Amino acid sequence: MSAALSGAGREGRRFTVKDKKGKCKSKKLCFAASSGGHLEELFMLKPLMEKYDSFLVTEKTAYRAEFGGMRCYYLLQVNRREKSCLPRLIANTFRSVRILLGERPWAVVTTGVLATVPLCLLCKAFGGKLIYIETFANVKTPTMTGRLLYRFADRFYIQWPQLQKYYPKAVYCGGVY
């Protein structure tokens, strides 16, 4: 999966400028996921994170993880079944605008969840790319976030071939694990 996301082909040739530490600096990538399993999945792409000027956006939780010095921004956790869902999504929209205007990423790479939806849609609205990876946990059915962001994604990856019937234009590259 990491090779598929690395910009192979014609697009890959644009990723050639490197800084003193060997990181490609011509493109900045935002990696976004909820806390827990989605974030763990995203960190399977750590070689890609280290190759490019990257930063992380995740949910703020009581648990504090270390991200190896990577810049990190936090969104509010959102549960669609709670009354606070809409106010939290609105707050995350304003947080996402601040993050995107401050960092100006070329693309958002995400494994989803509702809290990241405003960030993903705003990135597209600002002219950025959206790369979505459907979670490894859903083998036979699509996620709500995946169904929502499928039509906006520039690249949509699935980790199970069974999901191709729900996402006909998706790229199946196997699991990130």
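These numbers were taken from a predicted model, which means no experiment stands behind them.
Other residues sharing the hydrophobic cluster of Ile90, ordered by chain and number and joined by side-chain separations under 4.5 Å: Leu86, Phe94.
Considering every non-hydrogen atom in both Leu119 and Cys30, the closest pair reads CD2-SG, 3.9 Å. Thr111 and Tyr132 get closest at one heavy-atom pair: O-OH, 4.0 Å. Nearest heavy atoms, Leu100 versus Cys123: CD1-N, 3.5 Å. When all heavy atoms of Tyr52 and Lys27 are compared, the pair lying nearest together is CB-O, 4.1 Å. Annotation for Ser34 and Val113: closest pair CB-CG2, 3.1 Å, computed over non-hydrogen atoms. Scanning all heavy atoms of the two residues, the minimum distance from Asn92 to Ala115 falls at ND2-O, 3.6 Å.
A distance-only check finds no donor-acceptor pair linking the side chain of His38 to the backbone of Ala33 [under 3.5 Å]. Of the possible polar contacts, none joining the Arg80 side chain to the Leu114 backbone as a donor-acceptor pair under 3.5 Å is found. Without hydrogens or angle criteria, Tyr150 side chain to Lys169 main chain gives a donor-acceptor distance under 3.5 Å. Trp160 places a side-chain N or O within donor-acceptor distance of the main-chain N or O of Phe136, the cut-off being under 3.5 Å. A donor-acceptor contact shorter than 3.5 Å is absent between the side chain of Glu134 and the backbone of Gln159.
Taking the six-membered ring where the residue is Trp, the centroids of Phe55 and Tyr73 are separated by under 6.0 Å.
By the ring pair (Phe, Tyr, Trp, His ring centres under 6.0 Å) test, Phe31 is found to be paired with no residue, residues two or more places apart in sequence or in another chain being considered.
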